[in-house]
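Single-structure report; data block below.
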Amino acid sequence: MAFAPIVEVVKEIKAHIETLNEGERPNPELKESLNLKLKAFGNVRVSGRLAVPPRVMGKAAFVHLSDGKNRLQIYVRKQDAHVISNDNLQPIEDENAAWDVFKLLDHGDFIGAEGFLFLTNTGELSVHVETLQFLSKSLLPMPDKLHGIADPELRRRFRYADLIASSLQVEHEGLTTREVFERRAKLISGMRRFLDDAGYIEVETPMLTPKATGAAATPFETHHKALAIPLYARIAPELYLKRLTVGGFEKVYELNRNFRNEGLSHKHNPEFTMLEFYCAYMDVNGMMDFAEAMLKESVNKATGGSLAVNYDGKEIDFSKFERISMKEAIAKYWQFGSFEDEEIGGESLDDFEKSLQVAGFVWRMWAIYSDGLNHLRATNASPEAIEVKKSELNNQYKENAWKNGKSNAFHLINLPPDFNLNNLTTLQKENIKAKMITYVFEEIVESQIINPTFIIDYPKSISPLSKASPENPNIAERFELFINGMEVANGFSELNDPQEQFERFVDQVKEREGGDAEAMVLDEDYIRALAYGMPPAAGIGIGIDRLVMLLTNKHSIRDVILFPHMRPEKKEGEKAGEGESETES
RNA sequence: GGUCCGAUAGCUCAGUCGGUAGAGCAAAUGGCUUUUAACCAUUGGGUCGAAGGUUCGAGUCCUUCUCGGAUCACCA
């Protein structure tokens, strides 16, 4: 069937319709002449799901067929239609058979139809059915055609029904569920293409690993029966990918799932998709340049040609990437301007004692600040009132908070207030300071970042896999990319010195023994791999789900994962309180 | 785990001051040969999330619980 000429004919009527006032019908003569042209194209065969209940008018009916994305109207007239028997695939002789079959159809059933194209009185392209065939039945009722499925839980739990609903729904705000996942697919294919074109090789590394390394997280644990050993679902592919750079894959990437046994939230799902890639002979700055270029191009592809997306009423502009150090960001985004700025920003965080005080101060201020402001917001206070409250809080608490800063800081790292500072080793002090700076950063800065921003100059002690800066041994050559308050990517110059990597692991093990469940475990085989020599390299991990959230204006990660983790479904009858639920926890 | 909001027909939701349980859509039946959220008529459909309490009387007020959502905390 020649498709392009049909599109031309339809264009003509559409152009005509645009000149009409509301409710006015197209010119009958024009419609008839176009219908002659359409009929000349011959018959078309279409199939799909009944997207709406059939609109039956005595001896004729209209109904839309859906292919899951688009819909096409068909017109069935009793006297014109024949039906194909599913027993022998021959037309049924009885002239009422087609109409009898058609009247049995329900919203959601699948049919095939053959007939000629025409334009209706309102100018809609339709198929005038001459032959129809029943294909399959929908036993359950279709989701509401107006509202779709409103309950977010049911949408996620019954994603198949949600997808049907999003294709049937007459009105909807924002992207349909299907469009969300199409956009996700475009983003991912855009990233793959960008990396492939740049000479990267895609690999698959183990999902089940003897050690959960490469990130700081609690793993899922399972058991290998034949070997009688524990195995862990991977929390990151990082160390395997870097083993591959040792093996000569100079540019390598993996785009796949990671698993972390942690709490669920609007931005955490137990399994999530991460793109990690590594490039030999590149450093952290080169990686930021490359990642920025890749994100711009793949976002552009995903959105169909735009770098600015609307998120929750805010505009996020992917054409503007900033780079700023962690300490500069803290000074920049500190909102209590009347406090001595020099104490909060920059240099004070380099001093151990002061970093404790600053962190404790921020903890105190932020707690009071958010309590006070939430209270005001709850009472619908004016912006002016909020400003007044802010400076009031500032004056009221800054002295006490500052004095109490140090003991507050102990609270943050779970140390008793009478802990003896003099017993701390230099390393411990460095670790505590790093945690304090990171804490202050997270409290003050994170939520205020909207446009893509690379935060650079991370403390070394919380970056056990990244290379230290040649200028400052306490700083790592590392960045994280924040967008709209969310951490989206994390990258660094890879530490490739086996001796230093071993020592860093040992430090992590000490942290772990000291009660930090987040610290990494030692991976001896990885040290051995490094001992064969790893080229200098930079690497990055990009959280795909979170990026998709930003590009689709979704506030929950579960809305960008087709089948997100859900609580097990309750069985029928459990709610009645009958049956054997004694063993339930 | 804290706080707030919610749960009423298959779906989306009303339900006033505590006084007989409602609408639209969906379903079923009948009518209608260019409709499109088709239309018109008729019919069926409910342990008001669960349990307890106050009351002459509870969908409505109180307590506890279950489930869900938002948010905070936790968590790269």
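Keep in mind that this is a model prediction, so the values were computed, not measured. Naming convention: chains lettered A, B, ... in sequence-line order (proteins, then strands); numbering from 1 in each chain.
- Pairs engaging residues 119-128 of chain A under the salt bridge (Lys or Arg N to Asp or Glu O under 4.0 Å) rule: none recorded [sequence neighbours left out].
- Taking side-chain N and O atoms only, Arg55(A) has no distance below 4.0 Å to OP1 or OP2 of U35(B).
- Across all strands, Arg155(A) comes closer than 4.0 Å to no nucleic acid atom at all (heavy-atom distances).
- Between Phe492(A) and Tyr458(A), the distance from one ring center to the other does not fall under 6.0 angstrom.
- Atom NE2 of His266(A) and atom P of C72(B) are 6 Å apart (whole Å).
- Map Arg558(A) and Ser265(A) each onto its nearest nucleotide of RNA chain B; the residue landing nearer the 5' end is Arg558(A).
- A salt bridge does not link Arg504(A) to Asp507(A): none of the charged side-chain nitrogens sits closer than 4.0 Å to a carboxylate oxygen.
- Atom pair Phe158(A):CZ and G68(B):P shows a separation of 13 Å (rounding to whole Å applied).
- Looking at residues two or more places apart in sequence or on another chain, you find no side-chain contact (heavy atoms from CB on, under 4.5 Å) involving Ala40(A).
- Remark: the separation of the C1' atoms in A23(B) and A9(B) is 11 Å, to the nearest Å.
- Within a 6.0 Å radius of NZ in Lys39(A), other residues, nucleotides and ligands contribute 12 heavy atoms or fewer.
- Scanning for salt bridge (Lys or Arg N to Asp or Glu O under 4.0 Å) contacts around Arg257(A) gives Glu271(A), with sequence neighbours left out.
- Using a 4.0 Å heavy-atom cutoff across all strands shown, His64(A) reaches at least one base atom of the nucleic acid.
- Taking atom C1' on both nucleotides, A38(B) is separated from G6(B) by 35 Å, rounded to a whole Å.
- The side chain of Arg156(A) sits closest to G69(B) out of C75(B), G69(B), U35(B).
- Going from the C1' atom of G68(B) to that of G45(B) covers 26 Å, rounded to whole Å.
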**Q.** Contact pattern, 5' to 3', of nucleotides 26-34 of chain B - B, S or - by protein heavy atom under 4.0 Å
**A.** S-----BBB
Please tabulate, one pair per line, all N/O donor-acceptor pairs under 3.5 Å involving side-chain atoms of residues 53-62 of chain A, not counting sequence neighbours.
| residue | atom | partner | partner atom | Å |
| --- | --- | --- | --- | --- |
| Arg55(A) | NH2 | His64(A) | ND1 | 3.2 |
| Arg55(A) | NH2 | Gln73(A) | OE1 | 3.0 |

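- For the P atoms, the distance linking A73(B) with C11(B) amounts to 35 Å, nearest Å.
- Going from atom CG of Leu125(A) over to atom C1' of U35(B) covers 15 Å, rounded to whole Å.
- Between U8(B) and G59(B), the two P atoms lie 15 Å apart (nearest whole Å).
- Contacts with RNA chain B (heavy atom under 4.0 Å) in residues 483-492 of chain A: Glu487(A), Asn490(A), listed by number.
- For Glu95(A), the salt bridge (Lys or Arg N to Asp or Glu O under 4.0 Å) criterion is met by no residue, not counting sequence neighbours.
- One atom, CD of Gln73(A), and another, P of A38(B), lie 11 Å apart when rounded to the nearest Å.
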**Q.** Dot-bracket encoding per residue of RNA chain B, Watson-Crick/G-U cut-off under 3.5 Å, | denoting interstrand
**A.** (((((((..((((.....[..)))).(((((.......))))).....(((((..]....))))))))))))....
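- Comparing U60(B) with A21(B), their C1' atoms are spaced 13 Å from each other, to the whole Å.
- Rounded to a whole angstrom, the distance from the C1' atom of G18(B) to that of U55(B) is 9 Å.
- In this structure, the CG atom of Leu154(A) is 12 Å from the C1' atom of G69(B), given to the nearest Å.
- Under the rule for a salt bridge (Lys or Arg N to Asp or Glu O under 4.0 Å), Arg49(A) has no partner lying at least two apart in sequence or in another chain.
- Annotation: Phe479(A) is in aromatic contact with Phe454(A) [ring centroid separation under 6.0 Å].
- Scanning for salt bridge (Lys or Arg N to Asp or Glu O under 4.0 Å) contacts around Glu487(A) gives an empty result, with sequence neighbours left out.
- In this structure, the side-chain contact (heavy atoms from CB on, under 4.5 Å) partners of Asn553(A), at least two apart in sequence or on a different chain, are Asn310(A), Tyr311(A), Asp312(A), His555(A).
- As a whole-Å value, the separation of Ile164(A) CD1 from G10(B) C1' is 16 Å.
- Counting only residues at least two apart or on different chains, the side chain to side chain donor-acceptor pair (under 3.5 Å) pairs with a member in residues 23-34 of chain A are Asn21(A)-Glu24(A), Lys31(A)-Asn121(A).
- G46(B) and C5(B) have their C1' atoms separated by 25 Å, given to the nearest Å.
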